[in-house]
Amino acid sequence: MTRRAEPIRSVKGTRDLLPGETALWQRVEDEARRVFVAYNFREIRTPVLEPTALFARSVGTDTDIVTKEMYTFQDRDNESLTLRPEATASVVRAYIEHGLYNEGGVHKLYYLGPMFRRERPQKGRYRQFYQIGAEVLGSDHPSIDAEFLEMLILFLGRVGLREFALLLNSVGCPKCRAEYVKTLRRALDRVKSSLCADCQRRAETNPLRVLDCKVEADQPVIEKLPHILEHLCPECRQHFDRVTGELAQRGVAYQITPRLVRGLDYYTRTTFEVTSNVLGAQNALLGGGRYDGLAEMLGGPPTPGFGVAIGQDRLMLAVEQAAQLKAGDRLTAYVAWMGDTALQPATRLVQELRRENISAEISYEPIKLKKSLGIANKLAARFAIIIGEGELATERYQVKDMTSGQQEEVEPARIASYLKDKLMSSV
Ligand code: AMP
């Protein structure tokens with residue numbers, strides 16, 4: 001007898017999404033696509049694998065992502081490759097590589113897909129996780145920021161979320177931020193000995209990151225550090241005031257959060273996050289902002305940009321809690337046949353229904369009616385269609401509505417349109 005082999009398990013921090021979950025994931029993705037399209041965004045698909053330099057240059061060499069979290073390896077020809085930890089850099093790379101800027105105007109792009117970061121896994125934090133993101137390239141107009149945030153809030157409402165907060169800040173431009181960083185350094189020099197070891201290091205290498213610190217004991221000290229909003233140059237201040245003014249006009253509620261500097265180096269001016277307290281410790285649902293210098297950092301022409309990355313894994317947790325969006329019926333029709341002569345007409349009916357994009361299932365093994373109806377229930381079929389000797393003789397099949405229990409006789413050729421009408425009238 002051969003010994004059964006040791007089962008192979010998925011990699012730590014990654015997970016399988018089984019059919020029971022993917023139906024709701026698809027609903028959320030469909031909703032995202034609908035909203036993006038309404039705002040004139042179009043899809044872009046970029047590779048999962050990118051040159052390591054792309055992220056080192058854009059995300060920043062002193063960020064947690066680049067120093068600790070990237071899946072980087074030498075390819076066989078010694079090129080250093082990285083599994084993308086985020087997709088904004090890839091979108092901007094593609095924008096430059098294909099000369100999309102030559103078309104002029106504003107480019108609105110969206111993407112969906114897996115990202116990879118070697119973080120400590122916990123609920124809502126994975127090593128392979130999924131983001132739904134969108135980017136606008138080619139305009140630094142404050143109305144773009146406001147319109148974009150309005151779109152995000154609309155999307156969150158569409159997937160049933162109510163309890164969330166839009167946190168807003170400006171991190172200024174390289175000019176005023178450099179001045180602010182000097183001020184912050186001076187303030188940190190006075191207090192850093194009382195901060196955690198990470199913050200003491202960050203105070204030297206990248207003082208803005210201190211504002212991201214989550215260590216409880218550090219919070220009272222960090223709260224008293226100078227705020228970037230008080231150090232914006234007149235142009236950045238005006239930009240921020242126009243964004244907030246327009247958000248108010250559009251009826252989008254926000255909370256100004258001066259400590260929101262975000263973990264990536266490429267941000268300029270507007271930064272934002274949406275948090276939801278239904279999520280627990282990992283409460284950031286999405287984040288993004290303006291990145292007017294990124295295209296140049298990546299060797300392209302100056303191109304202002306604005307974008308978001310929505311953490312889909314966390315979004316799904318919040319959507320499940322809100323319990324408003326349902327996955328919908330799994331199957332429209334289960335075709336139950338009795339007696340050998342019914343198998344062929346039943347197979348033909350299933351084929352016709354599927355051609356009409358009506359989901360249908362059949363068992364090729366002969367089964368009794370009662371068991372067939374049990375299977376229809378288990379498959380969450382909306383209708384069972386019953387074909388036995390009597391139905392073949394009268395040329396009318398029984399169509400049973402599995403929700404109401406009502407049953408009607410319908411001619412085979414009319415069944416597809418009958419089911420479509422029923423489905424339409426029940427939405
Ligand atoms: P970031 O690209 O860091 O701005 O992240 C954007 C969003 O992606 C966050 O708000 C999270 O919702 C989500 N996210 C980031 N890292 C992870 C992770 N390791 N696991 C799950 N979601 C994540």
Side-chain angles (χ1 to χ4, degrees), residues 10-15 17 21 25 28-29 32 46 48 50 54-55 58-60 62-71 82-92 110-135 148-149 152-153 155-156 159 161 163-169 171 206 208-209 211-212 214 257 259-268 270-291 294 305-321:
S10 58
V11 173
K12 183 175 174 186
T14 72
R15 60 205 177 120
L17 297 170
E21 293 165 274
W25 279 63
V28 165
E29 289 158 14
T46 62
V48 164
E50 292 277 8
L54 176 66
F55 306 108
S58 57
V59 174
D62 190 51
T63 54
D64 281 354
I65 294 182
V66 173
T67 54
K68 298 190 256 183
E69 297 170 0
M70 292 205 306
Y71 283 96
T82 292
L83 292 179
R84 63 179 183 193
E86 61 106 47
T88 300
S90 304
V91 171
V92 176
Y110 77 87
Y111 60 82
L112 297 95
M115 309 294 155
F116 305 84
R117 294 183 196 171
R118 202 174 190 291
E119 297 194 79
R120 203 165 41 75
Q122 63 181 83
K123 191 173 178 202
R125 191 161 72 194
Y126 310 96
R127 291 181 172 181
Q128 174 170 339
F129 60 101
Y130 295 82
Q131 286 186 338
I132 301 176
E135 319 285 348
F148 196 106
L149 294 168
L152 288 181
I153 301 307
F155 168 64
L156 295 179
V159 296
L161 301 198
E163 284 171 41
F164 56 79
L166 169 61
L167 313 181
L168 196 66
N169 193 24
V171 293
N206 194 342
L208 280 179
R209 294 281 88 79
L211 303 177
D212 278 341
K214 302 279 184 299
T257 311
R259 272 181 60 181
L260 184 70
V261 290
R262 316 256 315 120
L264 291 72
D265 274 0
Y266 54 59
Y267 286 109
T268 52
T270 315
T271 54
F272 64 91
E273 242 175 52
V274 167
T275 56
S276 166
N277 46 19
V278 303
L279 290 176
Q282 300 304 316
N283 69 350
L285 198 57
L286 59 85
R290 184 159 275 295
Y291 47 83
L294 180 57
F306 190 92
V308 67
I310 305 170
Q312 194 179 356
D313 309 78
R314 295 184 196 169
L315 180 65
M316 296 314 300
L317 291 171
V319 166
E320 278 160 27
Q321 295 247 354

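Fair warning: this is a prediction, and the values are worked out from it, not measured in the lab. All ligand and atom numbering here is 1-based and tracks the order in the structure.
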**Prompt:** Can a donor-acceptor pair be found between the side chains of Y130 and Q128 at a distance below 3.5 Å?
**Reply:**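 Yes, side-chain donor-acceptor contact under 3.5 Å.
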Please work out, at 4.0 Å between heavy atoms, whether the side chain, the backbone, both, or neither of [X] comes within that distance of ligand 1.
X: L315; answer: neither
X: Q131; answer: side chain
X: R125; answer: both

ask   = Looking only at N/O atoms, are L285 and ligand 1 under 3.5 Å apart anywhere?
value =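 In this structure, L285 places an N or O atom under 3.5 Å from an N or O of ligand 1.
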Please check whether E119 reaches ligand 1 - meaning an N/O of the residue sits under 3.5 Å from an N/O of the ligand, judged on distance alone. yes
Is a side-chain donor or acceptor of [X] paired with a backbone partner of [Y] at a separation under 3.5 angstrom?
X: T14; Y: R127; result: no
X: R117; Y: I65; result: no
X: R118; Y: Y71; result: no

Parallel, tilted or perpendicular: ring planes of F148 versus F272, cut at 30 and 60 degrees
tilted
Identify, by atom number and element, the atoms of ligand 1 in contact range of [X], meaning under 4.0 Å from any of its heavy atoms.
X: A284; value: 9 (C), 10 (O), 11 (C), 12 (O)
X: R117; value: 1 (P), 2 (O), 3 (O), 15 (C), 16 (N)
X: A309; value: 6 (C), 7 (C)

All heavy atoms of T275 vs all of L167, minimum pair found to be CG2-CD1, 3.9 Å
